[in-house]
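To start, the structure itself, in structure tokens.
Below, all heavy atoms of this structure are taken into account, side chains as well, without hydrogens, waters or symmetry copies. Naming convention: chains lettered A, B, ... in sequence-line order (proteins, then strands); numbering from 1 in each chain.
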2 protein chains.
Amino acid sequence: MPASTELHEAVALRLREIGHRYTAQRRALVEALAAAAGRPRSTSELLEGAGVPQSSAYRNLAALEQAGVVRRVVTDEEFARYELAEELTGHHHHLICSSCGRVEDVTVPPSLERDVDRTLDRIARRAGFAVVEHRLDLIGTCGGCAARYGVR
Amino acid sequence: MPASTELHEAVALRLREIGHRYTAQRRALVEALAAAAGRPRSTSELLEGAGVPQSSAYRNLAALEQAGVVRRVVTDEEFARYELAEELTGHHHHLICSSCGRVEDVTVPPSLERDVDRTLDRIARRAGFAVVEHRLDLIGTCGGCAARYGVR
DNA sequence: ATAAGGATGACTCTCATTCTCATTAACGCT
DNA sequence: AGCGTTAATGAGAATGAGAGTCATCCTTAT
């Protein structure tokens, strides 16, 4: 799988740049994240998915985040989720089911992204903020929950 | 202050509707939130601001949230923030400083809101999601941090 | 092959948040 | 006003995600 090879090389590079190593555990974590593409994974899913002890998993996810390989995704849940960084997968947003916690990637039309970016940048500047990124999430009810509990 | 009276009445009504009471503590919490308008407050700020014991504060914030009076705001920080619900204050978004954690309200032009809503709704529908709300945050560096640490 | 420094894993610790439970205060009714 | 029902309170214990510690293991460069 060439795409995967590319991914691992990119990851290895980023880690090396900050003086870290691309070990088997980190590879397993990246693999688990890549396998779940389009669906940010909770820490505990990654723990078991990658077969890594928890102290190492937390440490390695932090290292990967520092290297810009991985991004922590915040939701309303009491635990964190992780996904591959946008530099590796492309810019996207999230559909978040407020009933079951399911999180799924979506992309919006470039024209909207452009409008949003332009406007937000202007607004932020006015407030003395230098915008680095925007986060646009959709909170609602996923198909499964709508079927299970009836449409609200 | 008539505006404040209105607020308290609205809150009392919402609580009563779900069979809860508007006690002095809850009033103190709402007051602390109203005083901090435009700046979501951390739980610990509210604790001391309202002079309420922590177990009661958490319980009451949960009650107020359930009544739709208050909203929990998630950030990258390891603790929660709260603000008055949008039904009481109006729809808005947040500027979040990734350096110091400062959070500040902003509003965007209605035209952009409309575009965003329309587009997102279409996208979500296609994915089987029923959108309830959107969350649009700007992450960046606030003026204070830019001055303190230099522009990055 | 060897030294230096990162990585590992079992375990402990922290800290926000939630739970428990005995006590108190509010509201509805007569 | 008196009473009973039920929510609210507050102190403290429990929970759980995540971060820290430390002795040991592995890599990588020399």
Side-chain angles (χ1 to χ4, degrees), chain A residues 8-9 11-33 40-67 69-83 101 103, chain B residues 8-9 11-33 40-67 69-83 101 103:
Chain A
H8 288 306
E9 273 168 14
V11 172
L13 178 62
R14 280 160 190 268
L15 281 168
R16 239 180 284 121
E17 275 172 350
I18 59 169
H20 286 196
R21 299 168 187 164
Y22 196 26
T23 63
Q25 288 198 355
R26 291 175 185 176
R27 191 176 288 264
L29 287 169
V30 168
E31 222 123 61
L33 284 166
R41 290 242 156 149
S42 68
T43 316
S44 61
E45 283 171 343
L46 288 171
L47 281 195
E48 78 168 48
V52 168
Q54 84 160 202
S55 60
S56 299
Y58 280 113
R59 202 177 328 104
N60 284 326
L61 286 170
L64 290 168
E65 190 183 18
Q66 202 193 328
V69 168
V70 136
R71 179 167 75 163
R72 191 194 202 103
V73 176
V74 328
T75 71
D76 285 325
E77 296 162 312
E78 62 288 344
F79 49 82
R81 289 184 176 273
Y82 284 91
E83 67 182 3
V103 182
Chain B
H8 289 304
E9 273 167 16
V11 171
L13 178 63
R14 281 160 190 267
L15 280 168
R16 238 180 284 121
E17 275 172 351
I18 59 170
H20 286 195
R21 299 166 188 166
Y22 196 26
T23 62
Q25 287 198 357
R26 292 175 185 177
R27 190 176 289 264
L29 287 169
V30 168
E31 222 123 63
L33 284 166
R41 290 243 156 149
S42 69
T43 316
S44 62
E45 283 170 344
L46 288 172
L47 281 196
E48 78 168 50
V52 169
Q54 83 158 202
S55 60
S56 299
Y58 279 110
R59 200 179 330 104
N60 285 326
L61 285 169
L64 290 168
E65 189 182 18
Q66 203 193 327
V69 168
V70 136
R71 178 167 75 162
R72 191 193 202 104
V73 176
V74 328
T75 70
D76 286 324
E77 296 163 311
E78 60 288 344
F79 49 81
R81 289 182 176 273
Y82 285 90
E83 67 182 4
V103 183

Table of protein N/O atoms under 3.5 Å from nucleotides 6-9 of chain D N/O atoms:
unit_1: D:dT6; atom_1: O2; unit_2: B:R21; atom_2: NH2; d: 3.2
unit_1: D:dA7; atom_1: O4'; unit_2: B:R21; atom_2: NH2; d: 3.3
unit_1: D:dA8; atom_1: OP1; unit_2: B:R21; atom_2: N; d: 3.1
unit_1: D:dA8; atom_1: OP1; unit_2: B:R26; atom_2: NH1; d: 2.5
unit_1: D:dA8; atom_1: OP1; unit_2: B:R26; atom_2: NH2; d: 3.1
unit_1: D:dT9; atom_1: OP1; unit_2: B:T23; atom_2: OG1; d: 2.9
unit_1: D:dT9; atom_1: OP2; unit_2: B:N60; atom_2: OD1; d: 2.9
unit_1: D:dT9; atom_1: OP2; unit_2: B:N60; atom_2: ND2; d: 3.1

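For the atom pair B:T23 OG1 and B:R26 CZ, the distance stands at 5.0 Å (nearest 0.5 Å). Atoms CG and CG, from B:L33 and B:L64 in turn, are 8.0 Å apart once rounded to the nearest 0.5 Å.
Taking atom CG on B:L29 and atom P on D:dG10, their separation rounds to 11 Å, with Å as the unit. Atom CZ of A:R16 and atom P of D:dT28 are 10 Å apart (whole Å). One interatomic measurement links the two molecules: CD of A:Q54 to P of D:dG20, which rounds to 14 Å at whole-angstrom precision. Distance CZ (A:R81) to C1' (D:dA17): 14 Å, rounded to an integer number of Å. One can place CD of B:E77 at 16 Å from P of C:dC15, the figure rounded to the nearest angstrom. One interatomic measurement links the two molecules: CG of B:D76 to C1' of D:dG18, which rounds to 15 Å at whole-angstrom precision. Note: CG (A:L61) to P (D:dA17) measures 15 Å, nearest angstrom. With rounding to whole Å, A:L47 atom CG is found 12 Å from C:dG9 atom P.
No side-chain donor from either of A:R41 and A:Y82 sits under 3.5 Å from a side-chain acceptor of the other. Side-chain atoms of A:E31 and A:H8 form a donor-acceptor pair, as typed in the model, at a separation below 3.5 Å. Side-chain contact annotation: B:E77 with B:T75, donor-acceptor N/O pair under 3.5 Å present.
Side-chain nitrogen and oxygen atoms of A:S55 include none within less than 4.0 Å of the OP1 or OP2 phosphate oxygen of D:dG20. Between B:Y58 and C:dT17 there is a side-chain N or O to OP1 or OP2 distance below 4.0 Å.
Looking only at side-chain heavy atoms (C-beta outward), B:Y22 and B:V30 come within less than 4.5 Å of each other. Side chains of B:R14 and B:H20 form no contact here, defined as non-hydrogen atoms less than 4.5 Å apart.
Here A:A62 lies out of heavy-atom contact (under 4.0 Å) with every strand. Among the protein residues, A:S44 comes within range of no part of the nucleic acid, since none of its heavy atoms lies under 4.0 Å from any strand.
If you find the closest nucleotide of DNA chain C to B:R72 and to A:V52, the one lying nearer the 5' end belongs to A:V52.
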